[in-house]
Amino acid sequence: PRDVGIKAIEIYFPAQYVEQTELEHFDGVSAGKYTIGLGQCRMGFCNDREDINSLCLTVAHRLMDRYNIKPEDIGRLEVGTETIIDKSKSVKSVLMQLFEPYDCTDVEGADTTNACYGGTAALLNAVSWIESSAWDGRLALVVAGDNAVYSPGSARPTGGAGAVAMLIGPDAPLIIDRGVRASCMKHVYDFYKPNLKSEYPTVDGKLSVQCYLNALDTCYQTYCKKVKNKYNCDVTLNSFDAFLFHSPYCKLVQKSFARLAFIDFLNTSKKEVSEKYPELAQFHDIKVEDTYFNKDIEKVFVNLSKPDFLQKTQPSLMIANQVGNMYTPSVYTGLASLLINKPIKELAGTKVGVFSYGSGFCSTMYSLTITKECNEKSDLMKIVSSLSYIKKELDARQKISPEDYTKVLEWREQNCHTVPFSPQSSIKNMFPGSYYLVQVDEKYRRTYNRV
Ligand code: ACO
């Protein structure tokens with residue numbers, strides 16, 4: 001099959017948020033720490049009506065409705081998540097409620113977990129299936145979702161919640177480039193969830209940032225090498241029209257973009273550096289792994305790369321800035337934001353870099369080629385126009401005070417794995433088509449309804 005890639009995309013986030021300026025005040029940190037220091041404006045969160053199953057049911061159902069996809073069109077369904085509410089039963093099996101009533105049970109795939117990377121792992125599995133001898137001509141549906149919550153403290157403002165669904169198949173308008181994917185996988189305890197009784201991770205914030213940047217450097221260098229071997233051409237940031245990053249918080253993404261500019265600089269010959277950038281020559285012999293927290297280098301390259309950042313990456317940060325880190329969907333909310341915020345004529349025919357990172361750690365860099373076809377009837381136009389609900393829904397959300405947000409999280413803590421459980425939150429403000437938890441019975445079985 002030709003041009004395997006993303007044929008449809010749907011994003012879902014909860015209908016309530018907390019304002020980061022109010023959270024700064026509530027937490028007693030200096031004004032600007034979360035909004036300027038981390039680059040976050042609002043943070044979406046789930047009350048007790050939503051869990052990982054409901055988030056994924058909502059986004060999958062909404063995609064199928066919006067694109068008129070029938071259950072029999074799907075031959076593989078993959079879920080990526082790190083929000084574990086059951087050690088055995090997959091979210092994928094819960095999503096089969098959307099297929100079983102139509103006698104469609106011949107659907108491959110199960111759940112994949114590694115922090116924020118699970119969505120990308122699921123996507124790559126789906127692509128591999130379509131490119132394999134097992135493919136039967138049907139489409140694949142990839143769903144990724146998480147409820148990202150942290151215990152009180154410096155990590156809490158970097159939470160978020162939501163889900164993405166993507167339809168994968170041949171002749172796609174967003175084509176995944178073949179033969180040039182680059183991964184970096186290592187064993188590190190930077191962020192993990194060993195306490196199965198809690199929704200909160202154990203985090204070493206500084207180490208997690210260092211790992212993220214190390215993964216980014218390594219994936220980029222490997223990607224450049226693979227392209228060089230395959231096509232004999234040199235990759236730099238100029239090779240990309242847009243670059244998407246997993247976004248734990250938007251400020252880290254700006255620093256990451258600057259980091260790619262720094263690597264380009266390191267890959268430039270000494271001669272060229274002394275001719276073009278004599279004032280930067282001091283940074284040229286430095287060892288890349290000694291630079292993760294070098295403020296001089298960071299400052300110089302953030303400034304140098306700023307015009308490119310504003311052009312190539314800033315448009316992809318809209319949902320990340322408004323909802324926060326959704327974990328597995330994060331980098332795909334970047335794709336949706338890019339598609340919404342750039343004119344379609346500027347998108348058509350372009351190259352998009354993608355960097356996905358999940359602590360622990362697993363990471364991959366790959367690239368997408370956007371089709372040149374962008375007329376009114378094109379598949380690209382269909383995707384872009386189908387996403388027009390996002391801005392409206394972001395604005396239609398209900399603002400919750402930091403006090404009430406904290407109460408919601410404390411209530412979730414108290415009731416985590418408590419049965420029987422009946423949620424208390426109203427369903428009145430949920431977005432149309434959202435699934436909500438009705439109850440968890442004494443045998444831990446969950447039931448859902450749809451608004
Ligand atoms: N105005 C403007 N900027 C401010 C202000 C202010 N009033 N106060 C602080 N800042 C800046 C700081 O200078 C710092 O900027 P810098 O990073 O450019 O130096 C930034 O705000 C953050 O302040 P820190 O003191 O560094 O923040 P802290 O250490 O308290 O927490 C952290 C940050 C570690 C990222 C924390 O939020 C965390 O642990 N998050 C979860 C882990 C995470 O997201 N890791 C990223 C990769 S892994 C993943 O995706 C989960």
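A quick note: this is a predicted structure, and the numbers were derived from the prediction, not measured. We count ligands from 1, going down the list as the structure has it; atoms in each ligand are counted the same way. Heavy-atom basis, side chains included; hydrogens, waters and symmetry copies ignored.
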Only heavy atoms of Lys33, strictly under 4.0 Å: list the atoms of ligand 1 that pass.
1 (N), 4 (C), 5 (C), 6 (C), 7 (N), 8 (N), 9 (C), 21 (O), 23 (O), 24 (P), 25 (O), 27 (O), 28 (P), 30 (O)
Which protein heavy atom lies closest to atom 50 (O) of ligand 1, and at what distance to 0.1 Å?
His246 NE2, 2.9 Å
Using a strict cut-off of less than 4.0 Å between a Lys/Arg side-chain nitrogen and an Asp/Glu carboxylate oxygen, indicate whether Lys270 and Asp285 qualify as a salt bridge.
yes
Output the list of atoms in ligand 1 that are nearer than 4.0 Å to some heavy atom of Gly32, sorted by atom number.
1 (N), 2 (C), 3 (N), 6 (C), 7 (N)
Of all the atoms in ligand 1, which lie at a distance below 4.0 Å from a heavy atom belonging to Ser359?
48 (S)
Measuring to protein heavy atoms, does anything land under 4.0 Å from atom 8 (N) of ligand 1?
yes
Under 4.0 Å from a heavy atom of Ser208: which atoms of ligand 1 are those, numbered in the order shown and with their elements?
42 (C), 43 (C), 45 (N), 46 (C), 47 (C), 48 (S)
Does the protein put any heavy atom within less than 4.0 Å of atom 42 (C) of ligand 1?
yes
Just need the protein heavy atom nearest to atom 51 (C) of ligand 1, so name the residue and atom and give the distance.
Tyr150 OH, 3.5 Å
Among protein heavy atoms, which lies nearest atom 22 (C) of ligand 1, and at what distance?
Leu38 CD2, 3.9 Å
Protein heavy atom under 4.0 Å of atom 1 (N) of ligand 1:
yes
Contacting atoms of ligand 1, where contact means under 4.0 angstrom from a heavy atom of Asn325
50 (O)
If I apply the N/O under 3.5 Å rule, does Ser30 come out as touching ligand 1?
yes
I'd like the name of whichever of Gly153, Pro201, Pro248, Ala155 reaches closest to atom 47 (C) of ligand 1 through any heavy atom.
Pro248
Only one of Phe245, Phe361, Phe355 passes ring-ring contact (aromatic ring centres under 6.0 Å, His included) with Tyr212; say which it is.
Phe355
Considering all heavy atoms, the nearest Asn147-Cys46 contact:
OD1-SG, 3.8 Å
Test side chain to side chain contact (heavy atoms under 4.5 Å, CB included) on Phe13 and Ile390 and set out the steps.
CA-CA 9 Å; Phe13 41 81; Ile390 287 184; 4.2 Å; yes
Angle between ring planes, Phe421 versus Trp411, binned at 30° and 60°: parallel, tilted or perpendicular?
tilted
Please check atom 32 (C) of ligand 1 for a protein heavy-atom neighbour under 4.0 Å.
no
Under 4.0 angstrom from ligand 1, any heavy atom of Tyr34?
no
What is the closest protein heavy atom to atom 21 (O) of ligand 1, and at what distance does it sit?
Gly37 CA, 3.0 Å
Distance under 6.0 Å and angle within 45° of ring axis: Lys312 vs Phe240:
no
Would you mind checking which non-hydrogen protein atom is closest to atom 40 (N) of ligand 1, with the distance to 0.1 Å?
Thr158 OG1, 3.3 Å
Just say parallel, tilted or perpendicular for the rings of Tyr357 and His246, cut-offs at 30° and 60°.
tilted
Shortest heavy-atom approach to atom 17 (O) of ligand 1 - which of Lys255, Glu24, Gln210
Lys255
Could you tell me which atoms of ligand 1, counted from 1 in the order shown, lie closer than 4.0 angstrom to a heavy atom of Gly205?
34 (C), 39 (O)
Can you name the nearest heavy-atom pair linking Tyr223 to Ser367, along with the distance?
OH-OG, 2.6 Å
Relative to each other, are the rings of Phe262 and Phe265 parallel, tilted or perpendicular (30° and 60° limits)?
parallel
Please tell me if the side chains of Val209 and Phe293 come closer than 4.5 Å, counting only heavy atoms from C-beta onward.
yes
Lys/Arg-Asp/Glu bridge criterion (N-O < 4.0 Å) met for Glu131, Arg178
yes
Closest approach of Ser316 and Thr313, non-hydrogen atoms and distance?
OG-O, 2.6 Å
Tell me whether Arg66 forms a cation-pi arrangement with Tyr389, defined as NZ or CZ under 6.0 Å from the six-membered ring centre and within 45 degrees of its axis.
yes
Which one holds for Pro157 and ligand 1: side chain close, backbone close, both close, or neither close, with close meaning a heavy atom under 4.0 Å?
neither
Of the protein's non-hydrogen atoms, which lies at the shortest distance from atom 19 (O) of ligand 1, and what is that distance?
Lys295 NZ, 2.8 Å
May I ask you to decide if the ring planes of Tyr435 and His61 are parallel, tilted or perpendicular, using 30° and 60° as cut-offs?
tilted
Quick one: which ligand 1 atoms are inside 4.0 Å of a heavy atom on Ser154?
28 (P), 30 (O), 31 (O), 36 (C), 37 (O)
For Phe191, the atoms of ligand 1 under 4.0 Å from one of its heavy atoms are 51 (C)
